Protein chains: 2
Amino acid sequence: MAEQHTKSERLRQHLVDVIDQGLEPHSKLPTERDLASEFDVSRLTVRRALDRLEHEGLVYRVQGAGTFVAAPRITKSVELTSFSEDMRARGLVPGSSVLVTETISAGARLGAKLRVSPSDDVFHIRRARTADGEPMALEDTYLNPRLFPGLIDNIGSESLYQILETEYGMKIEWAEQSIHASVLEPEEAQLLSAPPFSPAFYVTRTSFDAQDRPVEYAESTYRGDRYHYELQIHRTR
Amino acid sequence: MAEQHTKSERLRQHLVDVIDQGLEPHSKLPTERDLASEFDVSRLTVRRALDRLEHEGLVYRVQGAGTFVAAPRITKSVELTSFSEDMRARGLVPGSSVLVTETISAGARLGAKLRVSPSDDVFHIRRARTADGEPMALEDTYLNPRLFPGLIDNIGSESLYQILETEYGMKIEWAEQSIHASVLEPEEAQLLSAPPFSPAFYVTRTSFDAQDRPVEYAESTYRGDRYHYELQIHRTR
DNA sequence: AAGTGGTCTAGACCACCCG
DNA sequence: GGGTGGTCTAGACCACTTT
């Protein structure tokens, strides 16, 4: 676990542990004032920890009554995760096999996505992604070589995002994702061990760092019979 | 506009107005301390207003440097909207034609979704939804007749959500939505004027009110060639 | 070195829920 | 009426960016 360096984050983590270790839904948590004195912090610090837990859906608050453990909900709202995290969240073991690694000329489309000149080089990685050993998706990832020198020689089965973060200090902050309905072309179907022309998701994603620079552009085709989206959506207030 | 009753909300609204009235992206806003003294509030109150604006993507903050107007982003994160709102947000004119209205026995599946007995009645409404006059989706909506007496006789071309809210005081707060890849069955294809077996989204949605009671269950089939999802996703921290 | 946002404190008053 | 969460204050120190 990463070190928690703020008091409110340490308190939040403590409360997560307490909740996970067997508190029933709708159990009442200690009052904000009690938590403040017990952990020797101000009430505002307690409220910051609870704000985050409420936002994450682990607790709910009722004015005048207290703070309570939320009923676990099956679906979560959409979050930015890697394929590996996504699969683990679904209770599946993620895997990956690299089909292609190459350096190609960006061209107009990829150049625009990654904000490089069309004549510049980009890395291209094609991988088959698996869940519990079964083919789940084909993924073509494109990266700017200037940001990740030498990367293409170090691709293994580890998480690409992990490598970007640990080796290059690159943290992806947000992404634009587009989801289309599609069917598997025969070639894709064969690579995914699925019937040709069966339903599929075609997903494109451009990922950005904290300075809003495009870091990665990826096109993925997911088997529609094995993958779907579950989301919880709220009225914005 | 609804009345803003907290200081931080009034300040937030004021800043929204200022930003909308012509501030360029990356313009620097006044410092938190300046805003605090100008509006005669504490710095924490300023920070709460800015927190919300940052969350909404209108501003970004750089520690040690300042707070800046964010570049407008094309895509928005997923929000809970009706078909009509959704289409209007895409710049299309929504329409609807009612194909079926009937009262049927719930059965096990619908009973579970709407939390009524399998032998209870439910309303069923089948509609073809159009955008700019072109067929976009088929939608089967199921409702609990006890919550909406007489509704089935009043279905017109107006927004169903509008009727639920104005006639029955029902406000939908959140929903669980599931999105599957699919293809159009010949019957659906004909109703949607699309080729049979062409790509489609199959979407189910259960909508809940503020008390977490299921209000509506809907199954929709969207033409994949005319509809897709665009979302902006963020790392949760 | 000065200025900015990030975190935290100790205390206050209000709106709301419950016995 | 007593306790709870919701909002707010005035001030402090820290981490970081900019000059």
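Only a predicted model underlies this, so the values are computations on that prediction, with no experimental measurement involved. Reckoned from all heavy atoms, side chains included, excluding hydrogens, waters and symmetry mates. Naming convention: chains lettered A, B, ... in sequence-line order (proteins, then strands); numbering from 1 in each chain.
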Practice task
Using the test salt bridge (charged side-chain N to carboxylate O under 4.0 Å, His left out), find all partners of A:E219 that sit at least two apart in sequence or belong to another chain.
Solution key: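 Testing A:E219 for salt bridge (charged side-chain N to carboxylate O under 4.0 Å, His left out), a comparison that skips the adjacent residues, returns A:R109.
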Problem - Residue list, salt bridge (charged side-chain N to carboxylate O under 4.0 Å, His left out) with B:D121, at least two apart or on another chain - result: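 Here no residue qualifies.
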Rounded to whole Å, please give me the gap between [atom1] in [X] and [atom2] in [N].
X: A:E54; N: D:dT4; atom1: CD; atom2: P; result: 18 Å
X: B:D34; N: C:dA2; atom1: CG; atom2: P; result: 18 Å
X: A:L53; N: D:dG5; atom1: CG; atom2: P; result: 13 Å
X: A:L11; N: C:dT9; atom1: CG; atom2: C1'; result: 15 Å
X: A:D51; N: C:dC8; atom1: CG; atom2: P; result: 13 Å
X: B:Y60; N: C:dG6; atom1: OH; atom2: P; result: 13 Å
X: A:R47; N: D:dT7; atom1: CZ; atom2: P; result: 6 Å

Problem - Under the ring pair (Phe, Tyr, Trp, His ring centres under 6.0 Å) test, residues paired with A:F148 that sit two or more places apart - result: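 Applying ring pair (Phe, Tyr, Trp, His ring centres under 6.0 Å) to A:F148 gives A:Y168.
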Practice task
Taking ring pair (Phe, Tyr, Trp, His ring centres under 6.0 Å) as the test, write out the residues that go with B:Y60, two or more places apart.
Solution key: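 In terms of ring pair (Phe, Tyr, Trp, His ring centres under 6.0 Å), with neighbours along the sequence ignored, B:Y60 is linked to B:H26, B:F68.
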Problem - Salt bridge present between B:K113 and B:E176 (N-O < 4.0 angstrom) - result: no
Under 3.5 Å, which donor-acceptor pairs link side chains of residues 29-37 of chain A to any protein atom two or more places apart or in another chain?
| unit_1 | atom_1 | unit_2 | atom_2 | d |
| --- | --- | --- | --- | --- |
| A:T31 | OG1 | A:D34 | N | 3.0 |
| A:T31 | OG1 | A:D34 | OD2 | 3.4 |
| A:E32 | OE1 | A:R43 | NE | 2.9 |
| A:E32 | OE1 | A:R43 | NH2 | 3.0 |
| A:E32 | OE1 | A:R47 | NH1 | 3.3 |
| A:E32 | OE2 | A:R47 | NH1 | 2.9 |
| A:E32 | OE2 | A:R61 | NH1 | 3.3 |
| A:S37 | OG | A:D34 | O | 3.1 |

Practice task
Determine, for nucleotides 10-19 of chain D in 5'-to-3' order, which nucleotides have protein heavy atoms under 4.0 Å from the base (write B), from only the sugar-phosphate (write S), or from neither (write -).
Solution key: --BB-BBB--
